[in-house]
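Before any comments, here is the structure.
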Amino acid sequence: MTLWGTLIVASLFSFGIKFSGYLVPQSLFERPTFTRITNLLTVAMLAALVAVQTLAVGQSIEIDARVPAVIVAAIMFALRVPFIIVVIVAGLIAVALRYFGIMG
């Protein structure tokens with residue numbers, strides 16, 4: 001299959017998945033169990049994305065300065081610190097750990 005063929009198939013598949021959302025009955029969205037599951041699924045997917053982006057280096061897992069920065073960011077979010085401050089502090093922690101050679 002050529003690049004264009006792959007692109008067209010992927011586009012149709014993506015459209016089909018998005019369109020299937022319109023086929024779900026409205027009564028399903030009104031159930032508290034369904035709402036709770038979809039909310040938790042969103043959080044789980046975001047947590048998995050953060051874990052992969054933080055720990056993955058190629059095909060291996062590496063603990064470096066990003067891990068303490070993400071932990072501090074999570075604590076600051078739990079304390080309801082504004083987002084921009086969380087980003088700045090987490091970045092400074094990662095920079096400091098790398099600068100002083102504590103973590104690569």
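What you are looking at is a predicted structure, and each value in this text was computed from that prediction instead of being measured. We're numbering straight along the sequence, starting at 1.
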**Study point:** Hydrophobic cluster membership, V70 vs F83, 4.5 Å side-chain cutoff
**Key:** no
Practice item. Tell me whether F13 is reachable from W4 by hopping between hydrophobic residues (I, L, V, M, F, W, Y) whose side-chain heavy atoms are closer than 4.5 Å. Key: no
**Study point:** Shortest non-hydrogen separation from A90 to A69 and the atoms involved
**Key:** O-CB, 3.3 Å
Review point. Which residues pass the side chain to side chain contact (heavy atoms under 4.5 Å, CB included) test with F15, sequence neighbours left out?
Key: F19
Point to revise | Identified side-chain contact (heavy atoms from CB on, under 4.5 Å) partner of V89 from the options V86, I93, V87 | key: I93
Review point. For I8, what residues pass the side chain to side chain contact (heavy atoms under 4.5 Å, CB included) criterion, not counting sequence neighbours?
Key: L12
Practice item. Sorted by first residue and then second, give each ring pair (Phe, Tyr, Trp, His ring centres under 6.0 Å) pair with at least one member in residues 39-64; sequence neighbours left out. Key: none
Check your understanding: Who passes side chain to side chain contact (heavy atoms under 4.5 Å, CB included) against Y99, sequence neighbours left out?
Key -> none
**Study point:** Those residues that, when tested against V9, pass side chain to side chain contact (heavy atoms under 4.5 Å, CB included) (two or more places apart)
**Key:** M1
Listing, residues 20-40 side-chain donor-acceptor contacts under 3.5 Å, not counting sequence neighbours, or none:
| unit_1 | atom_1 | unit_2 | atom_2 | d |
| --- | --- | --- | --- | --- |
| S20 | OG | I17 | O | 2.6 |
| T35 | OG1 | F29 | O | 3.3 |
| T35 | OG1 | R31 | O | 3.1 |
| T38 | OG1 | F34 | O | 3.1 |
| T38 | OG1 | T35 | O | 2.9 |
| N39 | ND2 | T35 | O | 3.3 |

**Study point:** Neighbour count >12 (heavy atoms, 6.0 Å) for atom CG, L7
**Key:** yes
Counting only pairs under 3.5 Å, give me each side-chain donor-acceptor contact of residues 44-59, with atom names and distances, residues two or more places apart or in other chains.
| unit_1 | atom_1 | unit_2 | atom_2 | d |
| --- | --- | --- | --- | --- |
| T54 | OG1 | V50 | O | 2.7 |

Exercise for review: Answer yes if F77 and V43 sit in the same cluster of Ile, Leu, Val, Met, Phe, Trp and Tyr residues linked by side chain heavy atoms under 4.5 Å apart, and no otherwise.
Suggested key: no
Check your understanding: To which residues is V95 joined in a hydrophobic cluster, defined by side-chain heavy-atom contacts under 4.5 Å among Ile, Leu, Val, Met, Phe, Trp and Tyr, whether direct or through other members?
Key -> none
